[in-house]
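Keep in mind the model is a prediction, meaning the values are calculated, not measured. Numbers here are sequence positions counted from 1.
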Amino acid sequence: MAATAVMSAAAMSAQTPVYLDSSRPLEERVEDALSRMTTQEKLDIIHAQSKFSSRGVPRLGLPDLWTDDGPHGVRPDVLWDEWEQAGQTNDSCVAFPALTCLAATWNPEVARLYGRSLGEEARYRGKDVMLGPGVNIYRTPLNGRNFEYMGEDPFLASEMVVPYVQGLQSCGVAACVKHFALNNNEVNRHTTNVILDDRTLYEIYLPAFKAAVQKGGAWSIMGAYNLYGDEHLCHNGRMLNDILKKEWGFDGAVISDWGGTHDTRQAIANGLDLEFGSWTDGLANGASNAYDNYHLANPYRALIASGEVGTAELDDKARRVLRLMMRTAMDYSKGAGSMCSEAHYAAARRIGDEGIVLLRNERSVLPVVPRKGGRILVVGENAVKMMTVGGGSSSLKAQREVSPLEGIRAAAAKYGMDVEWVRGYVGDVTGEYNGVVTGQDLNDSRTPSELISEAVSCASGADYVIFVGGLNKSPGQDCEDADRTGLGLPYGQDDVIGALARATRNLVVVNVSGNAVAMPWVRDVQAIVQAWFLGSEAGNSIADVIFGEVNPSGKLPFSFPVRLADNGAHALGAYPGVKRQDSDITDLEYAEGLLVGYRWHDTKKVKPLFAFGHGLSYTAFSFGKATADRNEIGQNGTVTFTVPVTNIGDRAGAEVVQLYISDPKCSVSRPAKELKGFAKVYLEPGETRDVKIIIDREALSYFDADRHEWIAEPGDFIASVGPASDNIKSTVKFRLK
């Protein structure tokens, strides 16, 4: 009988490379894989091999790394070397609401649900890195990409991004938090050099990124297109090396925005780890063999070969990319994920339901009071136009999208009410982006006066007239690579709303946008609903709120100014910057400094149209007097504020308790007040709950640029508590020893 060889467990283990053994510590695996790689293999993994993937190491069994847009859903696949669609039939997705809507929920639990749901879809599609979320600060209402971000306040954005990142990465899919940093407008985005002081940088524009890294544990960060200190932010030594990696201890990979890399030596030395783009540089057509001509490919190899640069930076970049691989593509325990599940549609609907903001509701026009045989007139292009297609890299191929008209019709049918739709205005009749086609024919040759006449005529006798308008995702509106040209509504919508206001006493305006808009008719309409871009379940969420199936609880994550000049950046002429003589560079100074959004309105006493944190409900809440558990705290202590909140109406609902801190006698100028805590509380009719918010020294601090540290000066502080930044119900004075 032939002898049977039996290998011991120890021998088997010895033959298994450490990097393949997921039971071993991550850093051991990374160092083991790195030690086995050639210089060329290290170079291969730090730049793209296709539009959305980077190469692994086949010899060692290290897989390719697959990225994808975007923050609101998993983008459909494109061809290997082109932006055109791959023509797949299994890459439709659930479109989740835009991140402005998520921020408007003021609910970190919902942010975690969002991240986890998106992660499950990405995992099913085989994606390792999702390019999002975005946390750039809402500085001007003209920024075409504001709809992708989380508003004007760094504390709110920080509190919402952390659970999103944690939820997404719990699925074995990396968040790539973007765009780091100071990417606050789309006009001249490749050539704008931002100028600002360090205090403003650290207090306003960095906190959400820092929270994503240090509290959320983000595995990757995307650099921004623009410049800071005359260096592009995809290879900016101060931002990437000094702040992100050294100060914050970031151990993940810095990924370039597509085409954001411009200089090989800067890319080597200044903290870029993984270069992506289109063609050679992402901005212009390249040569054949394009990916090998990337800055971190052959040009890098040539510098190493000539001895002009060493390999220490290369090892660090490869180490970070390997770490990203092992957390994602090589996490074989993460399961298959799921796509287009009913659970994901339910999540999208819940996010939309909680994020919709009721801005105005005179005479309690909303919710709709059902009447069998009653009639509702819906007016406006945005009632039917698909909004999941367009807007730039966040454009999606949704499996389904319920329009506002469809949602309202379905809800009205349950009560025996009829719904009629008329056009009202003609906006953008196109319906295609990057090969995804809506299939809608929105062409209409009638004049604006003919459309208005039809709408006014049909409004006669209607129980309710619901105008659904706002912006769309066309260039020059809420769209990447372009900014808006003004605050007003496009396509003559103000004229339509004005005519309808004169024709009916029950006019509801539903504004679909990711930006603030001017509302010259605000006092002439009975109800205004801020509906955002709500994704697949848009119509159902809007109908849920309009018909009272859901009691609105959303709060604005940014201020609505009355006019553009009421915004700090525009009041000071600090947008879009000044073009340098004989140069492509535009210098843009953030002259308003710390006074972004409500900080400007409060400090300069400029009344907004709708304030940061504003949002109404179908019930009413009363705030009792806020109290503190102590009136003096030490530098390392905390103070707990308690405020009783009572639902004094007849519907269950949710209120957001907001806590702002003021430092009235500081050695440096500070905003009138700053958000430092919030809590969303759900109450049944007649129910009272004590809401507690804890703050510490960090909430009292400002950044001292000269000492490069956070300072909390001893002295008196004021805590202001209320349901909106302009609606303070109670204040508490306390002292820091």
Side-chain angles (χ1 to χ4, degrees), residues 71-72 96-111 114 132-164 177 184 204-205 207-209 211-212 351-359 470-471 478 511-517 528-535 541 552-561 567-568 596-602 608-617 654-660 671 673-680 722-727:
H72 309 138
F96 296 94
L99 293 187
T100 43
C101 177
L102 175 62
T105 69
W106 290 59
N107 188 342
E109 178 189 338
V110 170
Y114 194 127
V135 290
N136 294 104
I137 293 296
Y138 185 113
R139 177 177 179 257
T140 162
L142 300 189
N143 181 12
R145 216 163 179 181
N146 276 336
F147 73 96
E148 291 188 46
Y149 303 141
M150 296 190 185
E152 72 188 24
D153 183 76
F155 181 81
L156 175 62
S158 297
E159 292 295 294
M160 296 301 288
V161 72
V162 168
Y164 179 114
V177 185
N184 306 107
I204 302 296
Y205 295 99
F209 289 102
I351 297 161
D353 285 351
E354 281 208 39
I356 289 173
V357 182
L358 181 62
L359 296 177
L471 307 180
D478 282 326
N511 183 60
V512 176
S513 76
N515 259 309
V517 300
I528 304 173
V529 175
Q530 177 61 31
W532 317 112
F533 297 108
L534 297 175
S541 288
S553 62
K555 300 282 186 173
L556 288 179
F558 54 79
S559 309
F560 273 56
N567 169 274
V596 176
Y598 71 90
R599 289 168 168 81
W600 175 269
H601 289 279
D602 290 348
L609 179 65
F610 295 109
F612 173 80
H614 171 75
L616 304 178
S617 172
E655 179 61 284
V656 178
V657 179
Q658 303 165 37
L659 185 144
Y660 298 83
K673 62 178 183 290
E674 299 177 279
L675 181 74
K676 294 298 179 180
F678 65 88
K680 196 165 192 174
S725 62
D726 67 342
N727 189 7

In short, Phe533 meets Asp478 closest at the heavy-atom pair CE1-OD2, 3.1 Å
The test is side-chain contact (heavy atoms from CB on, under 4.5 Å); show your working for Leu99 and Tyr164 and say whether it passes.
CA-CA 10 Å; Leu99 293 187; Tyr164 179 114; 3.9 Å; yes
Which atom of Pro557 lies closest to which atom of Phe612, heavy atoms considered:
O-CE1, 3.3 Å
Nearest 0.5 Å please: distance from the OH atom of Tyr149 over to the CG atom of Asn136.
4.0 Å
When Arg599, Lys676, Lys673 are each screened for salt bridge (Lys or Arg N to Asp or Glu O under 4.0 Å) with Asp153, the one that passes is Arg599
Please answer whether the main-chain N or O of Pro723 pairs with a side-chain N or O of Glu655 as donor and acceptor at a distance below 3.5 Å.
no
Backbone of Asn184 reached by a side-chain donor or acceptor of Asn143 within 3.5 Å
yes
Taking Trp106 for its side chain and Phe678 for its backbone only, find out whether a donor-acceptor pair lies under 3.5 Å.
no
Smallest heavy-atom separation, Glu159 atom then Pro163 atom, equals O-CD, 3.1 Å
Min side-chain heavy-atom separation His601-Pro561 under 4.5 Å
yes
Walk me through whether Leu609 and Leu359 qualify under side-chain contact (heavy atoms from CB on, under 4.5 Å).
CA-CA 10 Å; Leu609 179 65; Leu359 296 177; over 6 Å; no
Decide yes or no for Leu534 and Cys101: does some side-chain heavy atom of the first lie under 4.5 Å from some side-chain heavy atom of the second?
yes
Stepwise, does the side-chain contact (heavy atoms from CB on, under 4.5 Å) test hold for Glu152 with Trp600?
CA-CA 11 Å; Glu152 72 188 24; Trp600 175 269; over 6 Å; no
Looking at side-chain heavy atoms only, is the closest gap between Ile204 and Arg139 below 4.5 Å?
no
If only atom types and distance count, is the side chain of Asn146 paired as donor or acceptor with the main-chain N or O of Thr140 below 3.5 Å?
yes
Rounded distance [0.5 Å steps], CZ in Phe560 versus CG in Asn515
8.5 Å
Test item: His614 and Asn727 side chains (from C-beta on) under 4.5 Å apart, heavy atoms:
no
I'd like to check Lys555 versus Gln658 (side-chain heavy atoms, cut-off strictly below 4.5 Å). Are they in contact?
yes
Leu102 versus Met150, closest heavy-atom pair with distance:
CD2-CE, 4.2 Å
Locate the shortest heavy-atom distance separating Pro133 from Val161; write the atom from each residue and the value.
CG-CG2, 3.7 Å
Could you check whether the rings of Tyr138 and Phe558 sit parallel, tilted or perpendicular, using 30° and 60° as the cut-offs?
parallel
To the nearest 0.5 Å, tell me how far Thr105 OG1 sits from Trp532 CH2.
11.0 Å
Derivation of the side-chain contact (heavy atoms from CB on, under 4.5 Å) call for Gln530 and Asn511
CA-CA 5 Å; Gln530 177 61 31; Asn511 183 60; 2.8 Å; yes
Quick check against the 3.5 Å criterion: does Tyr598 have a side-chain atom that pairs as donor or acceptor with the backbone of Leu675?
yes
For Gly352 and Pro97, work out which heavy atoms get closest and say how close.
N-CG, 3.8 Å
Under 3.5 Å, is there a donor on one side chain and an acceptor on the other for Ser541 and Glu354?
no
